[in-house]
Each structure stands twice: as structure tokens, then as C-alpha cells.
Amino acid sequence: MIKTILVATDGSEHAKKALALASDLGAKYNARLVLVHVLLTNARAETLRTLATRRGLSKDQRDLLENYEIDFHREVAAAGAAVGFVTVPPPRELVKAIGRQIMDRAEKAATKAGVKKVVMHTVEGDPAEAILELAASSKASMIIMGSRGLSDFKGLLLGSISHKVSAQAECTCVTVK
Ligand code: ATP
Ligand code: MG
């Protein structure tokens, strides 16, 4: 009955838990796992630093990360603004490199848990739209995602992406706490 499970990961701890559940089910049902990551094109400097495995980055990519942190904090200081309002975007190459690391780690974890077939999609755009489209095109039996993600705003039970996806998904959607 469960043939294809779509797991959405932003590299957060919640998404890791979602992946663990999806991998467990995938291994037991011999289901195909479709992993999706939407590039973190708006991520803050601290978020990227937390997600990156620095030794897995090239020297140029490490420099990009350091320079982005400097630019980001310069803008915070200049604007005197709350960090949430800073708009300086991270370099694309850095976001792609970190996306690759997130997906590599996810693929390894799924394979280690016994999943036989893992398909990976790294895409760009609105995360909820991308997850919904891929769930439909891959005929997913279910979507598994974290209830929250990378945002450190703790007030709400669901993040905006998990809220939109669970409201609009055509298939079963599990949000993992
Ligand atoms: P918000 O982003 O609304 O401020 P948040 O980051 O805590 O809050 P969400 O972004 O909704 O919460 O994250 C919930 C789940 O959605 C994540 O655990 C992950 O499964 C999925 N998700 C979020 N962003 C992405 C992304 N860029 N790519 C893939 N999956 C994502
Ligand atoms: Mg988020």
C-alpha cells in the first residue's frame, strides 16, 4: 500500500526525525523514498554555519561562508534592524554546496536504515509548492516532514511550510514533532 514516501528536508533536527520515520517505514514496506530539498536561498548566516560541515566544503566555499557572515552582520549593524529583517541573500554557490551536504547526509541515513531505493531532488523556489508538486508527480503515498524547521521562532506548533503542505496535500501528510 505504501509505495512511495516523499520526505522534505531543510537539514533541521525536525526534518532529521521525519527522515528517520520515513526511512523506517520505507525499509519495512520496501517503499521508494523521494527526498526533496529546496535550496535555502534566504537563509541567515548562522543557519548556514550550523548546517554546513566545514571540512566538506572547498576553500572557496569556506571563504564564501565567512564573507557572507561578515556582510550579513555588517547589514544588521548598519540597519540596526532585527536579524529577521535583513535581506542580504547568501551566495548561490554556497547554498548549493550546503544543499548537497544536506542531501548526502539524508541519503546515507536512509540507506543505512535499510531503504533500497532513494531518489533525490534538489530544487529552487517556494518550498511548499515544490513539495506539493513533487508529491503529485512522483505519486507519493504519503509526505513526511518536520512540524517545524530551521526557524528559531518557537511560538507556533507548525511552521509555514508544514502548515501549507499539510493543508493542501492530496495524499496523507505526516508532520513529525
Ligand atoms: P518558518 O520557515 O515558517 O519560519 P520553520 O522553519 O520552523 O518555520 P517550516 O519551514 O515549515 O518551519 O519547516 C517544517 C518542515 O518543512 C521541515 O522540517 C522540513 O521537513 C520542511 N521544509 C521546510 N523548508 C524546507 C526546504 N527548504 N526544503 C525542504 N523541506 C523543507
Ligand atoms: Mg522554515
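Any value given below was found using the heavy atoms of this structure, including those in side chains, with hydrogens, waters and symmetry copies removed. As the structure lists them, so they are numbered: ligands from 1, and atoms in each ligand from 1. Numbers here simply count residues along the sequence, with the first being 1.
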task: Side-chain contact test, heavy atoms from C-beta onward, threshold under 4.5 Å: evaluate it for Leu33 versus Val119 and give yes or no.
output: no
- prompt: With the 4.5 Å side-chain cut-off for hydrophobic clustering, are Leu150 and Tyr68 part of the same group?
  reply: yes
- request: Find out whether Val118 and Met120 are in side-chain contact, i.e. whether some heavy atom of one side chain is under 4.5 Å from a heavy atom of the other.
  value: yes
Distance-only donor-acceptor hits, side chain of residues 164-177, under 3.5 Å, sequence neighbours excluded:
{"from": "Lys164", "atom 1": "NZ", "to": "Glu129", "atom 2": "OE2", "distance (Å)": "2.9"}
{"from": "Ser166", "atom 1": "OG", "to": "Ser162", "atom 2": "O", "distance (Å)": "2.7"}
{"from": "Ser166", "atom 1": "OG", "to": "His163", "atom 2": "O", "distance (Å)": "3.3"}

Any protein N/O atoms within less than 3.5 Å of an N/O atom in ligand 1? List the atom names and distances, or say none.
{"from": "ligand 1", "atom 1": "3 (O)", "to": "Ser160", "atom 2": "N", "distance (Å)": "2.7"}
{"from": "ligand 1", "atom 1": "3 (O)", "to": "Ser160", "atom 2": "OG", "distance (Å)": "2.5"}
{"from": "ligand 1", "atom 1": "4 (O)", "to": "Ser151", "atom 2": "OG", "distance (Å)": "3.4"}
{"from": "ligand 1", "atom 1": "6 (O)", "to": "Leu150", "atom 2": "N", "distance (Å)": "3.1"}
{"from": "ligand 1", "atom 1": "6 (O)", "to": "Ser151", "atom 2": "N", "distance (Å)": "3.0"}
{"from": "ligand 1", "atom 1": "7 (O)", "to": "Arg148", "atom 2": "NE", "distance (Å)": "2.8"}
{"from": "ligand 1", "atom 1": "7 (O)", "to": "Arg148", "atom 2": "NH2", "distance (Å)": "2.8"}
{"from": "ligand 1", "atom 1": "7 (O)", "to": "Gly149", "atom 2": "N", "distance (Å)": "2.8"}
{"from": "ligand 1", "atom 1": "8 (O)", "to": "Arg148", "atom 2": "NH2", "distance (Å)": "3.4"}
{"from": "ligand 1", "atom 1": "11 (O)", "to": "Ser160", "atom 2": "N", "distance (Å)": "3.3"}
{"from": "ligand 1", "atom 1": "11 (O)", "to": "Ile161", "atom 2": "N", "distance (Å)": "2.8"}
{"from": "ligand 1", "atom 1": "11 (O)", "to": "Ser162", "atom 2": "N", "distance (Å)": "3.1"}
{"from": "ligand 1", "atom 1": "12 (O)", "to": "Gly149", "atom 2": "N", "distance (Å)": "3.0"}
{"from": "ligand 1", "atom 1": "13 (O)", "to": "Gly149", "atom 2": "N", "distance (Å)": "3.4"}
{"from": "ligand 1", "atom 1": "18 (O)", "to": "Gly146", "atom 2": "N", "distance (Å)": "3.2"}
{"from": "ligand 1", "atom 1": "18 (O)", "to": "Arg148", "atom 2": "O", "distance (Å)": "2.8"}
{"from": "ligand 1", "atom 1": "20 (O)", "to": "Ala8", "atom 2": "O", "distance (Å)": "2.7"}
{"from": "ligand 1", "atom 1": "20 (O)", "to": "Gly146", "atom 2": "N", "distance (Å)": "3.0"}
{"from": "ligand 1", "atom 1": "27 (N)", "to": "Val38", "atom 2": "O", "distance (Å)": "2.9"}
{"from": "ligand 1", "atom 1": "28 (N)", "to": "Thr9", "atom 2": "O", "distance (Å)": "3.4"}
{"from": "ligand 1", "atom 1": "28 (N)", "to": "Val38", "atom 2": "N", "distance (Å)": "2.9"}
{"from": "ligand 1", "atom 1": "30 (N)", "to": "Thr9", "atom 2": "N", "distance (Å)": "3.4"}

- prompt: Should Arg105 and Thr53 be marked as a side-chain hydrogen bond (donor to acceptor under 3.5 Å, both in side chains) after you check the CA-CA gap, both sets of side-chain angles, and the distance that decides it?
  reply: CA-CA 10 Å; Arg105 288 194 290 258; Thr53 306; 2.6 Å; yes
Glu124 side chain near Thr41 side chain, heavy-atom distance below 4.5 Å: yes
